[in-house]
Structures are given as C-alpha cells and as structure tokens.
Amino acid sequence: MALRLYNTLSGQVEEFAPLEGNRVRIYTCGPTVYDYGHIGNYRTFVFQDVLRRYLRYRGYEVVQVMNVTDVDDKTIRNAKAAGMPLRAYTDQFIQAFKIDRELLNLEPVEHFVRATDHIDDMVQMIQTLEAKGFAYRSEGSVYFRVRAFPDYGKLSKINLAGNRPGGSERVDADEYEKADARDFVLWKAAREGEDFWESPLGPGRPGWHIECSAMSMKYLGVPFDVHSGGTDLIFPHHENEIAQSEAATGKPFARFWLHAEHLIVNGQKMSKSLGNFYTLRDLIGRGYRPTAVRYLLASVPHRKPLNFTFEGLLQAQRSLERLRNFRSRLTMEIFPAGHNPVFETRASQARQALEDALDDNLNTAEALAALFDLVHDGNAAMDRGEFREGERAEVLDVLERWDRIFAMLDDADHAKLLRFGLAAPAGPQGAGEDGGGVLVAALSDEEIEQRIAARNSARARRDFARADQIREELARAGVILEDTKAGTRWKRK
RNA sequence: GGCGCGGUACCCAAGUGGUAAGGGAGAGGUCUGCAAAACCUUUAUGCGGGAGUUCGAUUCUCCCCCGCGCCUCCA
C-alpha cells in the first residue's frame, strides 16, 4: 500500500510521492516566539513530527524547514514591555521552544530558520512582486494586490459572495491604507518606537506571510512537496503565501497542504487569547510526563479535533505504561527455545497492520490499536507459557518500528527534566497533584539497584517486613518495583 | 451567510453497505509472601434525531438538532 494523505488543496485523500526522487521537501509553519508554546501548538508539531518520522520510516529522505516568527506585533510589543531588545527577547523563547521540542521527542528539523535572518530574501521577493505588478505602495507600506491573482482562494475555498468581511469581528487596523480590503501587507512601514529594517522598500518590517514564502523557496525551491500547519493557518496565512509565491515565480508553490485540527479545551480551541492554555511546563509542574503529553497528542489522528482533559492525559500516561511494561517483559523474561508456529506470523501481521494504518492518512489511533493487539497477544502467550525465544526478536522489532514513529517507548523523561532543571522535587506523599507520574529528585540507578539487592536478600530470608519497608521507601522516591520470575524490575513512576 | 471539523459505551477514541477496533476506568476471578505487572470474564441489539435507498445502514441520500474552527492576531 502507498501512503495516502488528505490534501487541503484538493479536498481529497491523495497518494503521496515526492516530486524529486526519494527526497521529500517539507515546510512547516513554526511558532511565533513571543511567549511559551502551549500544547495546542504542540499538537501540530507532534503531527508534523509523526509525518516526517513515517516518511523516513518508509525510506524517504526528508528535508524539513521550520520557521520561527521572531518579528511581529506581539514580539515587538512584549519585548518593549520587557525592556529588552527584540532579538534577545525572542532568543529566550526560541531556547524554550527547543527544550520543549526535545522533551516531546520532536526530531530536529534540517533547517530551523528565523524570519529576521532573512529580511533580504523577503525584500527581494517583494521587489519581484512589485516589478511584476502584484504589489503597490501606500503610505510607506507595500501591499499585495489580490485582484491581480485570479487563483486567490483556491486553498481556503473562500468566495467573495459568502464571505463576511469582519465575520470574525477581527479588524485590520491598516485597512484604510489598502486599495482593496482583501489586499494584505508585504512590508509594513516603520512605526515610531518599533523595530525596523532599512531597505530599498523604505524603512519597515516584513508582513506576516512573506517570511514563509521567502524561506521555503530559499531552502526547498518550488514547487516543494508538503506544506503544513494548524487549520487556523489555512486562511489567510497559507492562502496569502500561495498568492504571493505563485505570483512571484509563476510556478506552483507547494503540492500537498496538510493541516492539523485544533486541540479543544472545554469545548473551545486552546489559544492564548482565550487564556485557556497549558504550556508543557504547566503540565510537568502538575506531575505529568512529557512523553505522556506526546502520546496524547499523537494518539488522535490529525484531522480530528482533540479534546484535552487531565483525565485524558492520565489515561495516556497509563496506556504508554502498558506498552513500556510489555517491552520490558519481552526483553527480560526467559522463554523456551524454538518457535511457536501459531505465533510465528503474529509479528509480521502486526507490522503490516501498523503500516497500513499509517499509510491511511497517518491514522495513529489505528496504528496504536495494531500495537496493543500485539501486546495483548504477546502477554497472553507468555502467560500461557507458549511464547518462544524464536519470536522475541521479531516482536521487539515491531515495537521498535512503531517507536521509530511514535518515539515514546524509551523513558528519558527524568533525565531530560533534570538536565533542563525542570524536575519537581519529591513530594511528601510521593504522588502528583492529579495522581499522575510525579517527577522526583532522582536516586541514581546505582542507588536504586543497591536498594533492590538489599530488599531481595531480605525476601530470601523471608523478612517481608524489611522487604516491604524498602519497597515503600523506593515508592516514595518515585520508583516502582515488580517482582518477576526473571528477577525484580523497576521503573520510575 | 460561506467554507471546514465533529457528535460512537463511564472517559478517550477507531471503523465498515453485512451486523460495533483499541486504550483508560469499574466489577469479579487467576497468579503473587503481599504488592505490582500480566492474564481470563464482564461493561453499546447500539453508533445525535427523523425520513429515504437497500435483502441489509452506524456506514449512502435528504432534512433537522447540537458542539467547535476559519472568514485578515492565531498551531
């Protein structure tokens, strides 16, 4: 089966293949760094990560560009309020974003680029648009003339008749300067007290959309394969990108447009303006683990709204725990040699189901189900004593293949949080506010192993009081023990 | 008003023109020194409502109800 993806541009699921050989060129709209990202933002980034990981899994080479918008009204406003230069102000949130990406196991992208490092590229593109008659100047700013681009609206399917100007009650402050209400700004005239760049266009700063056009073309060329972001970017952002890019080059801009539905909280989209948002740090502070957040965000297919609740996050954490327990059991337990003919084909079936699910427009929910089915059958076979050594490697291989895409089986949460100074101190009762995984000041692995050895010698003496005492102490330190036939295994809560 | 997403069990959430995946939670049981983990059994004659097409619809068509998003700050 081939990978099929829903393309907003065509409104249909289409078979995907890159334009040039084995190389997939992707542009993804990144964050505006005026504050910490919230998990609604990260839903989209996790989706993009699953996409690139699956493409790589399928053997493609991926070249992904992610932009950082480090100049706009909000970054300027907040930097000013903080009394910091714009660059220094946005630096801190870029840094925070990079940490969040690492906590969420988002693979590094090939080109992580800042808008303010590409002012010249944008200016050149605007000049091209001017030369071709797609742009005009007004009161020191430069605008794109939408009327000059007949294809305008092909992505968002907006039409003038049904479109209600101001239907969202959003008002464009610059509207009076434009020849047509639909026109959008390419270059904003410098304003008193705001950051600006000198340019042949006059002093000013880039409009919102131009950075993505300029940077995608610079690093990927046109047309490139995939462009993606949240659904709220379809209009006007992506529509405008298409207009200015195709007007400037005369070529198609991007082939596949992929959009992630929103994360919903209490029935509403999570957003900073509504104030109903949680940052990754908020959730960590409440005792949830970054990989549980990744699980939750990845578990719902990207075209469905994802309803965020703390209960859901807790469920995600427990579900992930089940997968980790299974891998741990599969790795540690001793099985009789040979093969079980009944189980022999089970791993390859699971692998096929996993790939079929992801081929189907990245149906992560089904991919998860495929893995859980295998986990269940594997556990059941082990319990019945029917699992054989000959199947171990194959089943592990399926888990590892799954994890190349989902990237959450390894538990590096504690190590990372310690490294980034985000670990919460151990609570007195050793439990998180919501009963989730509490993040504790870690005992080292060696210390834990020593305690376990002490407990096991107590158990050998049948001194269960002592054994339970040690287990209890470890539990308070966030370490859970499990006694198995193959010995005692432990994990961090 | 235009365009789009959704309404499936206590919660999260797949899915198909042929009689409802998976996970979490709950209940009972097995195993265990006790736990934990795991396993077994169990929890939707039902998929927002109505009509239609069909041998058969949760799945197709039409109408309606409800929630959400975008319609120039938004992932």
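Numbered from 1 within each chain, the chains take letters A, B, ... in sequence-line order.
Distance CD (E321(A)) to C1' (rA37(B)): 10 Å, rounded to an integer number of Å. Rounded to a whole Å, the NZ atom of K493(A) is 14 Å from the C1' atom of rA35(B). As rounded to whole Å, 14 Å separates atom P of rC70(B) from atom NE2 of H259(A). Note: CE (M408(A)) to C1' (rG23(B)) measures 13 Å, nearest angstrom.
When only modelled atom types and interatomic distance are considered, N240(A) and Q244(A) share no side-chain donor-acceptor pair under 3.5 Å. E211(A) and N67(A) form a side-chain donor-acceptor contact under 3.5 Å, judged by distance and modelled atom types alone.
Annotation: rU45(B) and rC39(B) have their P atoms spaced 26 Å apart (nearest Å). Comparing the C1' positions of rU61(B) and rC70(B) gives a spacing of 28 Å, expressed to the nearest Å.
Here F45(A) and F97(A) bring their ring centres to under 6.0 angstrom of each other.
rG67(B) is paired with rC5(B) under the criterion used here, namely a Watson-Crick or G-U wobble arrangement in which both key atom distances are under 3.5 Å. If you check rC55(B) for Watson-Crick or wobble pairing at under 3.5 angstrom, you find it paired to rG18(B).
Classified by interplanar angle (parallel below 30°, tilted 30° to 60°, perpendicular above 60°), the ring pair F93(A)/Y36(A) is perpendicular.
Set against rG69(B), rA25(B), rU72(B), the side chain of R318(A) has rA25(B) as its closest nucleotide. Nearest nucleotide to the side chain of R303(A), out of rA21(B), rC70(B), rG4(B): rG4(B).
Side-chain N/O atoms of T32(A) include one lying less than 4.0 angstrom from OP1 or OP2 on rA75(B).
Within 4.0 Å of R466(A), counting heavy atoms only, lies no atom of the nucleic acid at all.
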